[in-house]
Amino acid sequence: YIYNNRVIEFVAYTKNNSKTGAGVSLNAISVAGIDIYGNTLTKDVISNPRFVSSVPTSNYNKPEVYNFSHLLLNGGDRHMYRYSQNNNAYYTIEDSWGASSLSAAMTAVMLSKYPFYKWHPEVVKAVWLTAGADPANPPIKRNGKDIAGKYTINMNTLMENNKSRYWYGNNGDFFDNETITFSEKVEPGATYNAAIAWLVRGDYAAEAKNTSSSYKIRAYTSKGTLFTSGTTVATNRVGKFTVPSNINTVYFEITRTRNVANDRVILGFNLHKQ
């Protein structure tokens with residue numbers, strides 16, 4: 001549905017310490033809940049979903065986002081609640097449901113200022129990935145230990161210091177020898193997060209137990225490579241790099257490493273300055 005209609009959808013990754021059906025969606029943005037102190041609500045590590053349960057290399061990373069599922073009320077950590085008009089009652093929002101709702105609300109604020117993102121769920125996912133890797137915010141913790149590269153997200157990191165791009169078209173568009181190359185002006189000495197995300201055909205993935213397309217990204221300058229992403233099963237890549245002090249242009253190379261089923265190119269990019 002997301003692939004065909006290009007809608008932005010946030011889904012709860014966990015319920016009662018288990019993955020939800022929607023939470024393992026390739027194209028949706030999966031969100032795990034944290035309390036007001038940045039601690040995950042699930043104390044155990046919830047394993048990444050797999051296309052084939054017996055094949056570890058069929059893992060794909062979820063969730064993309066951690067966000068608050070609790071609120072600070074009256075000096076303490078409290079659940080969020082929803083109100084039912086039919087029953088005239090309030091119900092506790094458990095686990096990741098509050099986190100996914102809050103993420104959708106934050107994105108609605110972003111869309112009100114930058115309506116460009118409205119039809120680009122792939123770019124929105126890239127923005128959230130880069131914002132969630134910004135150490136300007138407190139780290140996410142599980143059982144008191146920081147989760148590497150995962151940080152809380154606020155409206156400032158979501159809406160500021162971003163440069164976004166997208167490619168939307170037919171399978172044969174945009175690529176020269178399966179590669180797209182472009183450049184971005186950057187601040188010498190600054191640290192950046194870069195991410196790509198793309199939509200894939202859900203019907204193909206369900207039948208073939210794999211994605212119909214996959215990409216990798218490399219950032220480089222005249223002095224050499226700054227980072228290169230992996231090529232494992234995924235629908236996004238994210239990396240971090242620091243610009244050399246005498247460089248003001250960084251080049252990016254996106255390579256399509258898998259291309260079957262003749263699916264459309266629905267590819268987004270975001271560059272976020274920390």
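Nothing fancy with the numbering, it's 1 onward along the sequence.
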Centroid separation Phe182 to Trp167 less than 6.0 Å: yes
Aromatic Tyr66 / basic Arg142 pairing, under 6.0 angstrom, 45° off normal: no
Tyr166 atom OH, over 12 foreign heavy atoms within 6.0 Å: no
Parallel, tilted or perpendicular: rings of Tyr60 and Phe51 (30°, 60°): tilted
Polar side chain donor-acceptor pair, Asn161 to His272, under 3.5 angstrom: no
Flag for Asp134-Asn193: side-chain donor and acceptor within less than 3.5 Å: no
Exceeds 12 heavy-atom contacts within 6.0 angstrom, atom NZ of Lys118: no
Where Gln274 and Ala133 come nearest, the two heavy atoms and their spacing: NE2-O, 3.6 Å
Nearest non-hydrogen partners of Ser214 and Arg237, listed with the distance: OG-NH2, 3.0 Å
Under 3.5 Å side-chain donor-acceptor pair for Lys19 and Thr14: no
Flag for Asp44-Asn17: side-chain donor and acceptor within less than 3.5 Å: no
Under the ring pair (Phe, Tyr, Trp, His ring centres under 6.0 Å) test, residues paired with Tyr251 that sit two or more places apart: Tyr220
Polar contact flag, side-chain donor to acceptor under 3.5 angstrom, Ser213-Arg256: no
Pairwise distance CD1(Ile217) to CG(Leu267) - rounded to 0.5 angstrom: 8.5 Å
Asn246 CG: over 12 foreign heavy atoms closer than 6.0 Å: yes
Non-hydrogen atoms of Ser164 and Tyr117 that approach each other most closely: OG-OH, 2.8 Å
Val11 versus Ala22, closest heavy-atom pair with distance: CG2-O, 3.3 Å
Within 45° cone of Tyr3 ring axis and under 6.0 Å: Arg264 NZ or CZ: yes
Lys125 side, atom NZ; Asn270 side, atom CG - distance, nearest 0.5 Å: 14.0 Å
Given Asn67, Asn236, Thr157, the one that forms side-chain contact (heavy atoms from CB on, under 4.5 Å) with Trp128: Asn67
With a 3.5 Å cut-off and sequence neighbours excluded, list the donor-acceptor pairs that the side chains of residues 238-245 form with protein atoms.
unit_1: Thr242; atom_1: OG1; unit_2: Thr191; atom_2: OG1; d: 2.9

Lys223 atom NZ: more than 12 heavy-atom contacts under 6.0 Å: no
Leu158 side, atom CG; Ser103 side, atom OG - distance, nearest 0.5 Å: 9.0 Å
Heavy-atom pair of closest approach, residues Ala234 and Thr211: O-CG2, 4.1 Å
Rounded distance [0.5 Å steps], CG in Asp146 versus CD1 in Ile140: 9.5 Å
